[in-house]
> 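Have a look at this one.
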Amino acid sequence: MTAIPDDQQRNYEIFRDCLSTALIEKISQPQSKPKRKPRSSRKPSSASAPPAPATPHTTTSPENGDADAHLSNADDLAEFADYIAAETFQALPNELKTLDHHAYAKNTALQARYALPLTGAAIPSLLPALDPAVADSLAAYGVTREPAQGVDEFLAPVLTSYLTTLSTAAAAAPRHQGRGRGARLRAVRARLGAAELPSPDPAARAR
């Protein structure tokens, strides 16, 4: 990833915080499970083969009590958020990378150009140079699911939150700003709680 220039660092960290929040909310949503078919009330005939014995479940997933799973997921989520945030932020128009409240308040043309809230339809023109790998990565981790919600629909509220924060006079920098990776990981772990980062979808990665 290309380093973020010093004059854009504060805005980048605000953007990364907005994106991290959206990721955590997304992966914290319960996944819908297919309904089980009702069991037949009929008894199997004597000629029926006995059911195969269950295979012992040996995976070390969070559901099975792996003590380090949540820690690992927090690390993965922080790195994933860093990657998605950096790639997306660098694709933003330059005027949005250094925007502050004063510039926004006195520029009515800019307010009209980025009228809030942003919708998914506005994202392609706002991020024309976004690396396609961003969409692939979001889909691989189940954050986006075409056609219900693609990368544009996911990023629209993230950018809306980012611009809303910047346009507020008393916009506060993220609490972990400038405190290094360790502080950011602790913040992500605290917000992640019991949420689990989905495993990559092989089918999405193969696209």
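All values reported here derive from a predicted model rather than from experimental measurement. Along the sequence shown, residues are numbered consecutively beginning with 1.
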> Between the main-chain N or O of Pro157 and the side-chain N or O of Ser161, is there a donor-acceptor pair closer than 3.5 Å?
no

> Please check this pair: side chain of Asn107 against backbone of Leu110, looking for a donor-acceptor N/O pair closer than 3.5 Å.
yes

> Got a sec, which residues hit side chain to side chain contact (heavy atoms under 4.5 Å, CB included) with Ala156, two or more places apart in sequence or on another chain?
Ile123

> Can you list every pair that meets ring pair (Phe, Tyr, Trp, His ring centres under 6.0 Å) and has a residue in residues 142-165, with sequence neighbours left out?
Phe15-Tyr162

> Please confirm whether the backbone N or O of Leu99 pairs with a side-chain atom of Asn11, one donor and one acceptor, at under 3.5 Å?
yes

> Donor-acceptor pair, distance only, cut-off 3.5 Å: does the side chain of Gln111 make one with the backbone of Ala105?
yes

> Between Phe80 and Tyr141, how do the two ring planes meet: parallel, tilted or perpendicular, split at 30° and 60°?
tilted

> Are the side chain of Ser167 and the backbone N or O of Thr164 linked by a donor-acceptor pair below 3.5 Å?
yes

> For the CG atom of Leu155 and the CG atom of Leu118, what is their distance to the nearest 0.5 Å?
10.5 Å

> Would you check, one step at a time, whether the test side chain to side chain donor-acceptor pair (under 3.5 Å) holds for Lys97 with Gln9?
CA-CA 9 Å; Lys97 297 177 184 178; Gln9 190 65 34; over 6 Å; no

> Would a distance-only check, ignoring hydrogens and angles, find a side-chain to backbone donor-acceptor pair under 3.5 Å from Thr144 to Val151?
no

> Between Glu153 (side chain) and Gly150 (backbone), is there a donor-acceptor pair under 3.5 Å?
yes

> With sequence neighbours excluded, what pairs up with Glu95 under the side-chain hydrogen bond (donor to acceptor under 3.5 Å, both in side chains) test?
Arg113, Tyr114

> What distance separates Glu87 CD from Asp82 CG, expressed to the nearest 0.5 Å?
11.5 Å

> Would the number of heavy atoms belonging to other residues, nucleotides or ligands and lying under 6.0 Å from CG of Asp7 be above 12?
yes

